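Heads up: the structure comes next, in structure tokens.
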Amino acid sequence: MYKNFVIRLGYPTQNLTLPASTNHTLRLSNLPNAAKVRGLIRENIADLARILLWNSERDIALFRMGQSLIPFASHPEFPYNWAVEHGEELREVGEIAIDHGIRLSMHPGQFIQPASPNPAVVEHSLLELRYVARAFDLMHASDAVMVLHMGGAYGDPATTAARFIEVLSQEPDVLRYLALENDERVWSVPETSDTAAALGIPAIVDAFHHGFNTGGLTLSEALDLALPTWGNRRPKLHLSSQDPNKRPGAHAYSISTNDWKLLLEALESREADIMIEAKSKELALANLEIR
DNA sequence: AGATGTCAAGCGGAT
DNA sequence: ATCCGCTTGACATCT
């Protein structure tokens with residue numbers, strides 16, 4: 001049914017209307033309390049199921065799960081084998097997504113630095129990426145996307161990009177889901193697209209970040225470069241708007257009409273899955289006219 | 001009871 | 001040289 005839409009929309013982490021969150025977590029000091037951890041994970045999975053059903057009733061075809069779906073999943077002190085104990089629950093919630101044609105994603109955060117010169121940071125980062133791949137596997141989420149920034153450049157972007165490629169080329173399980181997103185300071189679309197191409201994976205254009213760090217490209221040119229990296233998969237994009245009362249780069253409550261119009265114009269008739277990153281989460285989708 | 005500050009992790013940039 | 005922001009919920013500690 002969703003194939004009828006050229007543009008599909010989604011939102012991250014939580015639903016304010018229900019309300020429901022896939023990002024319930026706990027303090028590290030409480031991690032030894034396995035009963036507490038189990039309960040939180042079941043709460044995240046139950047809320048994910050509620051969100052997926054809510055989305056399906058409104059033809060919302062994308063959802064980004066919270067990175068704490070399994071809190072501290074990659075931490076060495078995690079108290080039990082989460083993939084075994086929650087495997088069936090993850091399979092069941094994954095089936096809801098499949099049944100309703102909803103594409104899932106996750107977005108490991110700023111501490112994930114696979115190109116770090118520090119081997120310990122690289123290893124922690126890989127553990128986190130493998131957690132995401134494992135969760136997707138257990139959910140049978142074959143079209144899911146693991147969205148990642150390339151992290152620091154350590155004063156030498158070319159060498160760092162080469163190291164990023166070298167490290168991740170050893171991670172076939174991660175590469176099946178991984179996509180590289182441009183950021184507002186360090187890595188622009190031409191750089192993420194080149195790195196992604198070298199790894200045989202796609203690049204996500206974040207239209208808002210692109211405005212701060214264009215790499216010399218218009219938005220339209222950036223899309224021309226990144227969209228083909230998706231091959232025959234539906235391309236993913238990110239969109240957000242500037243909060244007028246906060247520092248440059250801060251996400252607004254909703255999407256400005258102009259930003260939406262500019263992205264649609266740059267896309268022309270091409271299809272895309274657009275993740276809407278707004279403080280008002282699912283509420284921000286209501287004003288966006290899709291084709 | 002309610003408000004506040006801190007919590008695993010790493011970067012780049014502002015000051 | 002130090003600090004802040006990235007994002008959000010949990011929760012220890014305070015009033």
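Order of the sequence lines fixes the chain letters, A, B, ..., with proteins taken first and strands second; residue numbering starts at 1 for each chain. Here the structure is a predicted model, which means the values were calculated and not measured.
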Are B/dA9 and A/Phe111 stacked, with the base six-membered ring and the side-chain ring centres under 5.5 Å apart and planes under 30°?
yes
Evaluate the ring planes of A/Tyr80 and A/His86, with Trp represented by its six-membered ring, and classify them as parallel (under 30°), tilted (30 to 60°) or perpendicular (over 60°).
tilted
Cationic tip of A/Arg185 above A/Phe212 ring, under 6.0 Å, 45° of axis:
no
Between C/dT8 (P) and A/His251 (NE2): distance, integer Å
9 Å
Which pair of heavy atoms, one from A/Ile41 and one from A/Ile70, lies closest together, and at what distance?
CG2-CD1, 3.6 Å
By nearest-heavy-atom nucleotide on DNA chain C, the more 5' of A/Asn30 and A/Pro12 is A/Pro12
DNA chain C nearest-nucleotide lookup for A/Ser29 and A/Pro248: closer to the 5′ end is A/Pro248
Checking C/dC6, B/dG12, B/dA8 against the side chain of A/Gln110 (C-beta onward), the nearest is C/dC6
Does A/Lys246 place a side-chain N or O at less than 4.0 Å from the phosphate oxygens OP1/OP2 of C/dT7?
no
Residue whose closest nucleotide on DNA chain B lies nearer the 5' end, A/Pro117 versus A/Glu128
A/Glu128
Taking the same atom, P, in B/dT6 and in C/dC4, what whole-Å distance lies between them?
10 Å
Report yes if a side-chain nitrogen or oxygen of A/His24 is closer than 4.0 Å to either non-bridging phosphate oxygen (OP1 or OP2) of C/dA10; otherwise report no.
yes
Salt bridge or not between A/Glu265 and A/Arg270? Use side-chain N to carboxylate O under 4.0 Å.
no
Name the nucleic acid region contacted by A/Gln14, choosing base, sugar-phosphate or nothing; use a 4.0 angstrom heavy-atom cut-off, strictly under.
sugar-phosphate
Starting at atom CZ of A/Phe212, determine the distance to atom P of C/dG5, rounded to an integer number of angstrom.
16 Å
Tell me whether A/Val189 shares a hydrophobic cluster with A/Met275, the cluster being built from Ile, Leu, Val, Met, Phe, Trp, Tyr side chains joined at under 4.5 Å.
no
Which ranges of DNA chain C pair up as stems, where a stem means three or more consecutive Watson-Crick or G-U pairs with both distances under 3.5 Å?
B:1-7 with C:9-15, B:10-15 with C:1-6
Nearest-nucleotide pick for A/Val121, side chain only, options being B/dC11, C/dG9, B/dA8:
B/dC11
Between P of C/dT8 and CZ of A/Arg64, the distance in whole Å:
9 Å
So A/Arg234 and A/Asp273, salt bridge (Lys or Arg N to Asp or Glu O under 4.0 Å) or not? Walk me through it.
CA-CA 7 Å; A/Arg234 283 185 73 100; A/Asp273 284 351; 2.8 Å; yes
Using atom P in both nucleotides, what's the gap between B/dC11 and C/dG9 to the nearest angstrom?
26 Å
Within the structure, does a side-chain N or O atom of A/Lys36 lie under 4.0 Å from either OP1 or OP2 of C/dA10?
no
Check the pair A/His238, A/Glu181 against side chain to side chain donor-acceptor pair (under 3.5 Å), reporting the backbone distance first and the verdict last.
CA-CA 9 Å; A/His238 286 183; A/Glu181 180 190 353; 3.1 Å; yes
Take atom CG of A/Leu148 and atom P of B/dA9, then tell me their distance rounded to the nearest Å.
19 Å
Nucleotide B/dG13, atom P - distance to CD of A/Glu184 in whole Å
10 Å
Please report the distance, rounded to the nearest Å, between CG in A/Asp47 and P in C/dA10.
10 Å
So, A/Phe63 versus A/His100, ring centres under 6.0 angstrom or not?
no
I'd like the P distance from C/dT7 over to B/dA3, given in whole Å.
26 Å
Name the closest nucleotide to the A/Leu28 side chain, picking from B/dC7, B/dA8, B/dC11.
B/dA8
Separation of B/dC7 P from A/Leu26 CG (nearest whole Å):
15 Å
Considering only side-chain heavy atoms of A/Arg27, which listed nucleotide, B/dC11, C/dT8, C/dC11, is closest?
C/dC11
Distance check, P atoms only: B/dA8 and C/dA12, in whole angstrom units.
11 Å
Base, sugar-phosphate, or nothing: which does A/Tyr154 touch, judged by heavy atoms less than 4.0 Å apart?
sugar-phosphate
For nucleotides B/dA9 and C/dA1, find the distance between their C1' atoms and express it as a whole number of Å.
22 Å
Rounded to the Å, how far apart are A/Lys279 NZ and C/dT8 P?
5 Å
Any side-chain N or O of A/Thr13 below 4.0 angstrom from OP1/OP2 of C/dT7?
no
Would A/His124 and A/His75 count as a close aromatic pair, with their ring centres under 6.0 Å?
no
Nucleotide nearest A/Arg185 (side chain, heavy atoms from C-beta), chosen from B/dC11, B/dG12, C/dC11:
B/dG12
